[in-house]
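Keep in mind that the numbers below use all heavy atoms, side chains included, and drop hydrogens, waters and symmetry copies. Naming: A, B, ... by sequence-line order, numbering from 1 per chain.
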Protein chains: 2
Amino acid sequence: MKAPSPHQPAFRRIEPDARRLGLIEACARVLARAGAAGSSVRAIALEAGVSPGLVSHYFSGIEALVGATYEHIEAAVAETLDRAVADAGPEPRARLDAFVTASFAPAIADPQLLATWIAFWSLVTARPAIAAQHDEQYSGSRARLEALLGDCGVPKNEQRRAAIAVTALVDGLWLELCLSPGCFSAEEAGDIARRFLDTLIS
Amino acid sequence: MKAPSPHQPAFRRIEPDARRLGLIEACARVLARAGAAGSSVRAIALEAGVSPGLVSHYFSGIEALVGATYEHIEAAVAETLDRAVADAGPEPRARLDAFVTASFAPAIADPQLLATWIAFWSLVTARPAIAAQHDEQYSGSRARLEALLGDCGVPKNEQRRAAIAVTALVDGLWLELCLSPGCFSAEEAGDIARRFLDTLIS
DNA sequence: GCTGTTGTTGTACGATCGTCCAACAAGCTT
DNA sequence: AAGCTTGTTGGACGATCGTACAACAACAGC
């Protein structure tokens, strides 16, 4: 029943990097919509407007695709936070406040974003490569936070511990904000986090 | 090749509640070992030493089994924490310290325990019943913490916010401790949490 | 010991999973 | 315009999934 139109291409060839990106973004959308259990190769390929076989062609398996998706989303989150810090101006404490405030903005504290994290976390225990990827992401995130804290006068020998604490508090608030959005508001989460920063810096 | 021994029963009938519990504990072990993706009805039945059909007989589906497993594990965790608080004696601050310290003890901050949480979280977004179960667990946990904080002199109008903060910090530390155990130690996590309590109470 | 109840088994079923690969066609090169 | 490269298709494949159900057997009551 294909319409034998004069010459409508059945598909378009796309530059490999662009195709990879399209699959990664489709994976993120399916994870957000259907959760980890409903994110099959076929569902992702359909979302990307592509044949199922292409997933195997670009990724060694669906776990590799989830890993790449996590990496991509994490980079986007980090860029969003960095931009918020940059927009806050030169004052160190304002930059730190901007960091935690942006962590609870709608684009970040998004239940659908949590789906990608959960799918990734579910692989951390079993797959050493995924665990290494998580460690790298965590230490990178912590390093940025240590720099912000250092600018606010936190002594070097306390930066590591302070960064661990702030990361944990922000992540814990973020997680709960995603899991049950009605329990407390993003503003409240930001207030809690900023008040904690007061105790670290004063 | 079955040994036709004179009369070895092929199976034993067990009281329904005990059988339910056996399936729940088997589910927890499989989740811990194989993760959410590897926890099939067959794997759980094998772990429980039982036929696959029995799972359908006791639970409406595998999601219901995961929900019941979460409920069971969460109750066990709460009991462990309550016991630690009770063993700490009457002094309010010592009881609060015992609560956070126990939260990072090996039995609680266990990567295998995280698998149950992740499997459960992956259902929260899509299933309203699971979301309600999570909300109930969270508010119960927070209520216990509010009482401990109140005993330490935290004013009533600050208890809610303080409990949210402590829960988030402890959960964030717990999560990271499970995901990459080598990054920081349980003792360090306890120190961070107790120091945070100092700032809330003083 | 016999019988009735019912907890339990084991399998069949259709659906869906991830992976693979030969054939096809889009678009650049000549 | 013809050929070539290769990105892409689409279905086949075996494995595994969750569920349902008829047959069976363990155990209590008689």
Does the side chain of Arg160(B) reach to within under 4.5 Å of the side chain of Arg142(B), using non-hydrogen atoms?
yes
Can you tell me how far P of dT19(D) sits from CG of Leu65(B), to the nearest Å?
10 Å
Mark yes or no for whether Ser51(B), through its side chain, and Leu54(B), through its backbone, hold a donor-acceptor pair below 3.5 Å.
no
Is the shortest side-chain N/O distance from Arg19(A) to OP1 or OP2 of dT8(D) below 4.0 Å?
yes
Side-chain contact check for Val41(A): nearest option of dG7(D), dG18(C), dA12(C) is dG18(C)
Here the distance between atom C1' of dT16(C) and atom CG of Leu46(A), to the nearest Å, is 15 Å
Starting from P on dG18(C), measure out to CZ on Phe59(A) and report it in whole angstrom.
15 Å
Round to a whole Å and report the spacing from CG of Leu23(A) to C1' of dG7(D).
12 Å
Residue pair Gly61(A)/Arg42(B) against DNA chain C: nearer the 5' end by closest nucleotide is Arg42(B)
Expressed in angstrom and rounded to an integer, what is the separation of Arg20(B) atom CZ from dT8(C) atom P?
13 Å
Ignoring hydrogens and angles, answer whether the base of dG7(C) and the side-chain atoms of Arg12(B) contain a donor-acceptor pair closer than 3.5 Å.
no
In Å and rounded to the nearest 0.5 Å, what is the SG to CZ distance from Cys27(A) to Phe59(A)?
8.0 Å
Closest to the Leu54(B) side chain, choosing from dT8(D), dT19(C), dT9(C):
dT9(C)
Quick one: Ile44(B) CD1 to dC17(D) C1', roughly how many Å, whole number?
12 Å
With the side chain of Ser51(B) defined as its heavy atoms from C-beta on, choose the nearest nucleotide among dT8(D), dC17(C), dG10(C).
dG10(C)
Given 3.5 Å as the limit, does a donor-acceptor pair link the side chain of Arg42(B) with the main chain of Pro52(B), or not?
no
Taking the nucleotide of DNA chain D with the nearest heavy atom to each, does Gly38(B) or Ile14(A) sit closer to the 5' end?
Ile14(A)
With DNA chain D as reference, determine whether Ser60(B) or Glu15(A) sits nearer its 5' end, using the nearest nucleotide of each.
Glu15(A)
Does dG7(C) have its OP1 or OP2 closer than 4.0 Å to a side-chain nitrogen or oxygen of Tyr58(B)?
no
May I ask you to evaluate whether Ser40(A) reaches the phosphate of dC17(C), defined as a side-chain N or O under 4.0 Å from OP1 or OP2?
yes
Of dG18(D), dT9(D), dT19(C), the nucleotide closest to the side chain of Ile62(A) is dT19(C)
In terms of relative ring orientation, are Phe120(A) and Tyr70(A) parallel, tilted or perpendicular, with 30° and 60° separating the classes?
parallel
